[in-house]
Amino acid sequence: MHTLLDIQNIHKAFGGNVVLQGASLNVMPGEIVGLLGPNGSGKSTLLNVASGFARSDSGEVRFQGEDISRLPAHRIVQHGMARTFQLPSMPSRMSVLEVTLAADTRLHGVWSTLLRPRAVREAEAEALQQANQLLDALLLTPVKHLAASAISGGQKKLLSIACALMARPKLLMLDEPTAGVHPNLRRDIVQTLQRLRGQGISQLIVEHDMHFVREVCTRCVVLDRGQIVADCKPEELSSHPQVIEAYLGRAAADAAQMKAA
Amino acid sequence: MNERSEKDIDVRDVVAGYSAEVDILRGISLTVAPREIVCILGPNGCGKSTLLKTVAGFLRPRRGSIHIRDEDVGQIPVHRKVRSGTLGFVPQTDNVFGSLTTWENLALGGQFMSKADCAQRIDELCTTYPVLARKLGAPAASLSGGERQVLSLARALMPRPRVLLLDEPSAGLSPKTLAEVFEAISATRDKEGISVLMVEQNAMEALRISDRAYVLSIGTVALENKARVLMNSPEMRELYLGGRPH
Amino acid sequence: MFQFFLDVLIRTADLALVAVGLSAVYALVKFPNVAHVQYAVIGAFLTLTGQRMGLPFAVAMVVSCLLTGVLAVFLNTLVFRRLLRSGPAIAMIGSLAVSMVIVALVLGIAGSRPQRFEFDIVAPLVIAGARVSHAQAYSIAVAVAVLAVFTFVLYRTSVGRSMRALASNRALAEATGINAAAITNQISFVSGALAAVGGTMLAMTSDVHVNLGTDLLLPVFAAAILGGLGSPLGAVAGALLIAIAETSVTNMNFGWLVGQPLAFLPVTYIGAASFIFLLVALIFKPYGLFDREVRRV
Amino acid sequence: QDVTIGAVLPLTGASASIGEDQRRGIELATERVNAAGGVLGRKLRVIIEDSGGRAPTALDGAKKLVTVDKVPVVLGEYSSGITIPTAQYVIKEGASHLNIGSSSPRVRDIGVGSFSLIGLDNVSAKFAATDVYEQKYRKAAFIAPNNAYGQGVAEEFKKAFEALGGQVVTSILYTAGQSTYRRELQQIERSAPDVYVYSAYGQEAAIINREAFDLGLNKTQWYAIYLTMCTTDTPAQIANGQLGMEVSSIGPNGKSYEETYSRKYNEKMKSAYGSYAYDGVMFAAAAIKQAGSTDNAKVRAALSEVGRKFEGVTGEISFDQDRQRAVQPYLRMRYQNGAVVSR
Amino acid sequence: MSDFLLHAVTVTAIYALIAVSLNIQAGYAGLLNLGHIAFVGVGAYAVGIAHQMQWHPAIGWMLGLAVAAALGFFVSRLGRNLGADYWGIATLAVAEIVRTFALNEDWLTGGAQGISGIPSMWSSMSSSASRWAFMATVLVTLLAAAALTSRLGAGRFGRSLRLMREEPSLATSMGYDLVGLKSRATVTSAMMAAVAGAFLGHYVSYVGPDFMLASETFMIWTMVMIGGLGNVAGVVIGALLVQGIYISVPFARDFLGIGSDVAGAVRLGLIGCLLLACLLWRKDGLLPETLRKL
Ligand SMILES: Nc1ncnc2c1ncn2[C@@H]1O[C@H](COP(=O)(O)OP(=O)(O)OP(=O)(O)O)[C@@H](O)[C@H]1O
Ligand SMILES: Nc1ncnc2c1ncn2[C@@H]1O[C@H](COP(=O)(O)OP(=O)(O)OP(=O)(O)O)[C@@H](O)[C@H]1O
Ligand SMILES: CC(C)C[C@H](N)C(=O)O
Ligand SMILES: [Mg+2]
Ligand SMILES: [Mg+2]
């Protein structure tokens with residue numbers, strides 16, 4: 001099977017500050033890869049590079065075998081790769097539902113909007129149905145007619161996941177999808193993501209919540225100071241000395257060990 | 001002495017909201033005793049941040065009263081409270097000065113201290129949070145999500161406030177840093193005798209260092225209890241804290 | 001050559017005083033205040049009124065600065081602060097409205113006829129073959145002095161740091177104990193006063209008239225943008241660059257191109273020249289030449 | 001019901017002083033006509049619109065005069081650049097136009113229905129060129145506004161001056177409405193002329209004169225085409241010593257106008273153009289009388305008729321075949337001690 | 001008086017058309033275009049130049065639309081990576097450059113003199129019938145434009161513009177090409193403005209560089225803001241109000257016998273105060289853009 005996403009030897013520095021030094025990572029179809037690492041190790045930056053929001057200094061990003069390193073961000077999305085942001089901000093004069101609908105980008109030209117041929121009408125109906133389903137699944141239905149900026153921090157996180165899903169991506173990249181999300185809801189997100197995997201959507205997830213990682217991820221990659229220090233199954237993490245040292249810390253590792261035992 | 005003087009924070013029947021039509025907080029009462037760490041839990045959008053903002057003074061309560069250390073602070077603007085050393089506040093988002101460097105962010109936190117004192121305090125915090133030491137000269141906008149979180153906490157701690165309001169201090173922190181941050185919060189409480197009111201989604205970790213907790217639900221208090229009780233009761237975990245079926 | 005240098009300096013002085021204030025306030029309130037150039041008009045007219053009431057010129061100018069500063073504070077608290085709650089674009093359009101009202105008032109009270117300060121008409125100074133009128137010499141000197149003081153305040157005092165914090169994140173600044181309203185008022189006052197000095201100086205070298213501000217609008221904005229909005233010293237540099245562009249375009253003799261001893265670009269093209277300069281600069285440095293802000297998603 | 005005619009004048013803007021002089025001329029003429037019993041047994045009223053010195057505003061005013069007030073005749077404006085579009089609009093709508101202060105040769109081409117009471121620049125520029133040449137100046141630098149007037153006079157002057165054997169070393173047309181003309185002056189200075197020949201609207205001329213002074217250009221002689229236009233707004237000390245030419249504003253039977261003017265306004269005439277506006281009103285009144293109605297077509301025909309020979313305060317007015325004033329006297333003048341005097 | 005009403009309606013409709021066109025950029029897409037008047041100028045100059053060159057007016061129209069579209073495209077590409085207020089000033093600069101060009105290139109534009117004597121539309125009819133016909137043409141165009149923009153705003157195109165306006169990086173992350181969106185919005189709006197400009201040229205019978213003064217753009221913005229950014233009906237009402245003041249002050253002047261400086265001041269001041277009051281007390285305009293119920 002072909003690798004879905006193949007990130008090779010990425011280097012990236014901001015001014016004199018070297019953030020990524022030869023990071024490589026791949027995602028196979030059907031995988032949910034967790035991207036872990038201490039704060040500031042370059043996880044979000046790696047995501048930015050992969051999704052075209054930042055340009056790497058050197059290295060290559062391939063998606064389904066095609067080199068996408070120089071494509072603009074919006075083109076990459078069109079290839080089937082959607083992402084969310086770590087700190088989501090939402091428009092203030094569009095409702096939650098509208099933002100979700102907007103995430104379906106098919107047929108948004110001037111002419112198709114003016115003429116509204118059948119294809120457009122069908123796409124619209126379909127999008128509306130899908131959006132409602134997604135919002136329902138993420139418990140956003142009560143706020144769906146509110147301005148998207150006026151919902152709480154955690155709800156914004158959920159909304160951005162809904163938006164990413166609207167694009168029906170092949171690969172979903174989530175930057176800390178559950179930070180600030182209520183534990184009960186976190187459970188729902190876990191289920192949603194697993195269901196998506198069942199539908200063949202691969203995922204690359206940056207996350208700090210180890211419970212979540214263990215439940216969702218099929219493989220974990222740990223980044224430290226811009227380099228990959230571990231690539232293993234989630235349950236092997238807590239016995240990996242470098243990961244403990246840089247990321248988990250003694251206490252968390254112990255706790256995890258205890259639970260595993 | 002009236003009963004209030006026992007409390008560092010005393011919120012009584014507060015009603016507040018952003019627009020005139022909608023109340024987000026619908027009559028909330030809570031207290032924080034001196035040297036106590038109190039945790040607020042609750043689903044997304046139930047009004048936790050709003051509560052914190054109201055206590056800090058960004059929103060005026062429509063009804064009810066807010067006392068901090070015996071002083072009625074319902075109508076006092078935030079900056080006055082911070083200046084007088086009453087209060088430290090870490091917002092949930094947008095919690096650093098992006099165009100200023102890390103050092104300047106900290107220095108702003110200590111702007112009402114003497115120069116020497118301020119420099120010393122920055123050194124202290126940098127030893128506690130080595131992440132910051134590495135980034136002192138970088139503009140805060142360039143920091144990663146977790147680094148910002150640490151920075152904003154450190155900034156609030158600069159003037160050694162007596163009461164600290166934290167909105168999800170652990171969001172986006174790596175497990176190791178998270179442990180360090182919670183460790184530091186409870187250490188600060190022990191060393192400096194401050195009281196802390198914090199909002200958390202990371203319920204299990206947060207309860208570990210808290211004394212008491214409130215669970216909010218749509219703008220009202222649904223439950224209040226000792227942290228230890230909450231942690232150890234399976235049905236409460238199931239209902240409110242996202243305990244997982246194993 | 002020296003004449004060229006002097007001409008550049010004169011133009012820079014005209015633009016810089018107003019552009020600096022504009023940029024400084026932008027840093028705080030994050031919207032380009034179009035009414036700012038009208039403060040210059042008000043400053044000029046107040047100085048004129050003061051002088052006509054018998055005050056010595058310098059005194060009249062100081063009084064005018066104070067009054068204009070107060071007016072700027074007044075407008076800031078009453079109008080701009082409220083508008084800003086609805087976002088920078090609204091605030092900018094609001095400043096346009098304020099600007100219209102100011103022009104209307106000046107037009108209604110003073111009329112559209114240009115007026116002059118009462119100075120003796122004296123022959124220009126000649127320095128190393130270059131000519132500069134007394135008024136222009138004063139205006140250069142005042143601009144340099146005022147800008148020096150302003151720079152000192154901005155970068156060497158704690159007001160400066162608080163101001164930049166406020167600019168970066170207002171809510172947080174309040175949570176850090178900064179009195180946002182007070183700082184904004186201080187800066188508004190200073191920028192209003194600076195604009196009044198600028199307006200008076202400009203009027204001294206030309207006329208006191210109602211279009212003074214409107215004429216300034218484009219070049220001043222060009223200077224502030226070129227320097228990177230929000231960077232006051234950038235604005236000075238921007239003013240200098242615009243002045244150089246304008247002055248050199250009109251001083252260039254294109255005669256050799258058309259086979260005549262003397263041929264110049266029409267002077268009306270200078271506006272266009274400095275704008276083309278601005279556009280090209282923006283293509284390469286989209287946030288101005290001296291922008292240092294870090295932007296990340 | 002009054003008999004109304006319209007006027008579009010520069011009451012504000014660069015030529016405001018002259019616009020005011022024109023307004024006074026109109027006021028004096030209206031009073032005169034009405035004192036003598038009005039026209040067609042009714043009172044004469046002149047509706048004045050401000051052009052602000054801008055063509056779009058002038059057109060707005062003209063539009064109101066023609067469509068709302070329905071006047072048969074519109075007088076004005078002053079600047080040729082504004083007069084031409086305004087007049088074209090007026091005659092297109094069927095009303096007639098009287099030019100009382102614009103001199104560009106292009107005024108001739110406005111079309112049927114437009115009449116000039118003032119001479120055009122093919123004559124005046126020749127007059128000025130000869131005058132300059134006779135003062136023994138050979139290298140002239142020229143500056144005038146960039147509009148129909150400036151373009152016309154620049155062209156005509158150059159033609160005439162070089163035909164005489166002089167040389168126009170630079171010729172610059174400035175854009176109206178600027179707050180400084182320093183750069184233009186620096187450009188023409190480079191050509192080192194022995195005389196600066198210029199023409200500019202009141203307030204623009206004031207800026208040019210002052211900046212020329214600041215740049216030390218007044219060490220060379222300045223010669224103004226239409227001297228009163230150029231000096232109305234300039235401080236006396238700065239304009240002192242300028243030479244120039246001007247239309248003759250007071251003809252053989254214009255003394256009474258001069259006297260009524262200074263009696264009513266307590267000062268001497270501010271420019272040479274008030275009397276042309278006066279003549280404009282008198283001329284229109286005469287035509288309406290002759291037409292016996294205010295009907296557009298009848299009045300237009302009557303204007304041609306009256307223009308065969310009309311005794312105005314500016315002298316005798318008679319039209320050539322293009323409805324333009326055929327004979328226009330000019331004067332040689334000098335600005336001295338705050339006043340324009342004949343030389 | 002009916003002639004005057006005719007005039008008032010025609011002029012107001014032309015300006016409303018300009019305001020509606022600006023609304024596509026400013027209201028929907030949040031583009032701070034301060035040089036919008038350049039598009040109007042291009043349209044007006046095109047009919048002027050066609051007249052001067054004695055071409056058929058239709059050629060002038062085509063030319064105007066094409067040049068305006070090209071200019072719009074250029075302007076939007078220019079904004080590829082500029083911040084909003086920077087782009088605003090850049091558009092202001094472009095408009096000034098266009099104006100300067102018109103001012104200096106006599107051979108094409110008549111220079112400062114402008115082009116006068118542009119024939120009115122329907123000039124084959126009698127003078128008064130042609131005025132009525134012209135008004136009807138303008139009104140129909142305005143209605144069509146309003147209907148089209150509302151439809152654009154409500155549909156997918158409008159939605160993507162609004163998303164871009166508020167959260168550009170979110171829009172990019174969804175796969176929208178911001179530059180493409182911007183250029184489509186700007187080109188559409190530019191062509192509509194050019195139509196209005198052509199009408200204006202025919203109506204005023206004159207076009208000159210003064211048509212493109214920055215203050216004209218500000219007036220259009222005032223209309224849009226007073227009425228309600230993003231709401232087509234609101235924008236038309238805004239145009240009505242502002243134009244109402246514009247047209248009536250000269251009469252007030254005749255009536256009250258005030259000088260023209262004062263009249264100008266009253267006009268400007270009234271509009272300024274109206275705008276300010278709107279922004280302060282009805283910040284989203286008289287008819288605000290509301291969250292769209294779906
Ligand atoms: N600025 C605002 N304007 C209007 N409504 C707001 C605003 N901020 C929040 N709200 C509303 O108030 C409610 C409570 O928001 P709040 O931010 O207090 O929630 P929270 O409990 O902190 O949630 P979370 O855990 O997701 O941060 C939300 O449902 C939201 O709709
Ligand atoms: N635009 C930028 N300019 C300058 N430095 C940057 C920029 N973006 C990121 N950095 C730096 O790169 C480093 C890595 O940032 P990144 O956001 O990738 O971290 P992260 O691994 O996502 O951390 P966290 O878990 O805290 O979100 C940080 O130290 C940050 O300061
Ligand atoms: C001096 C005047 C007779 C000329 C007039 N100012 C014009 O523009 O034509
Ligand atoms: Mg990150
Ligand atoms: Mg919250």
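Below, chains carry the letters A, B, ... as their sequence lines are ordered, and counting in each starts from 1. When reading the values below, keep in mind they use all heavy atoms of this one structure, side chains included, and skip hydrogens, waters and symmetry mates. Fair warning: this is a prediction, and the values are worked out from it, not measured in the lab.
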Atom pair [atom1] ([X]) and [atom2] ([Y]), whose distance is rounded to the nearest 0.5 Å:
| X | Y | atom1 | atom2 | result |
| --- | --- | --- | --- | --- |
| C/Ile93 | E/Thr222 | CD1 | OG1 | 7.5 Å |
| C/Leu217 | E/Leu92 | CG | CG | 6.5 Å |
| E/Leu279 | C/Phe80 | CG | CZ | 10.5 Å |
| C/Ile90 | E/Cys278 | CD1 | SG | 10.0 Å |
| E/Phe74 | C/Leu279 | CZ | CG | 6.5 Å |
| C/Arg82 | E/Trp281 | CZ | CH2 | 6.0 Å |

If every non-hydrogen atom of [X] is compared with every non-hydrogen atom of [Y], which pair is closest and at what distance?
| X | Y | value |
| --- | --- | --- |
| E/Gly264 | C/Leu107 | C-CD2, 3.9 Å |
| E/Ala90 | C/Leu282 | CB-CD1, 4.3 Å |
| C/Tyr269 | E/Phe101 | OH-CA, 4.0 Å |
| E/Asp261 | C/Gly111 | OD2-CA, 3.3 Å |

Response to the item:
So, the part of C/Leu218 with a heavy atom under 4.5 Å from chain E: the answer is side chain

Practice prompt. Identify which part of C/Val79 has an atom lying under 4.5 Å from any heavy atom of chain E, answering side chain, backbone, both or neither.
Written response: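 Both backbone and side chain.
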
Practice prompt. Between chain C and each of E/Ile97, E/Leu229, E/Val94, E/Ile271, count heavy-atom pairs under 4.5 Å; write down the option with the most.
Written response: E/Ile97

Worksheet item: Do you know which of E/Gly88, E/Ala263, E/Ser215, E/Ala265 has the most heavy-atom pairs under 4.5 Å to chain C?
Response: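 Looking at each of E/Gly88, E/Ala263, E/Ser215, E/Ala265 in turn, E/Ala265 comes out on top.
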
Worksheet item: Do you know which of C/Leu229, C/Val103, C/Ile283 has the most heavy-atom pairs under 4.5 Å to chain E?
Response: C/Leu229

Worksheet item: Which one, C/Ser112, C/Gly94, C/Ala91, leads in non-hydrogen pairs under 4.5 Å with chain E?
Response: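 Going by pairs under 4.5 Å, I would pick C/Ser112.
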
Practice prompt. Mind running side-chain contact (heavy atoms from CB on, under 4.5 Å) on C/Leu96 and E/Met225 for me, showing each step along the way?
Written response: CA-CA 11 Å; C/Leu96 196 63; E/Met225 295 305 295; over 6 Å; no

Report which part of [X] has an atom under 4.5 Å of a heavy atom belonging to chain C: side chain, backbone, both, or neither.
| X | result |
| --- | --- |
| E/Leu276 | both |
| E/Leu280 | both |
| E/Leu213 | neither |

Practice prompt. With the side chain counted from C-beta on, respond yes when C/Leu278 and E/Ile89 share a heavy-atom pair under 4.5 Å apart, and no when they do not.
Written response: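 Yes - at least one pair of side-chain heavy atoms lies under 4.5 Å apart.
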
Worksheet item: Can C/Lys285 and E/Tyr86 be said to form a side-chain contact (heavy atoms from CB on, under 4.5 Å), step by step?
Response: CA-CA 11 Å; C/Lys285 295 279 290 179; E/Tyr86 288 76; over 6 Å; no

Discussion item. Assess the residue pair E/Leu274 and C/Met100 against the criterion (side-chain contact (heavy atoms from CB on, under 4.5 Å)); give the C-alpha distance rounded to whole Å, side-chain angles, the decisive distance to 0.1 Å, and a yes or no.
Written reply: CA-CA 11 Å; E/Leu274 186 65; C/Met100 290 197 227; over 6 Å; no

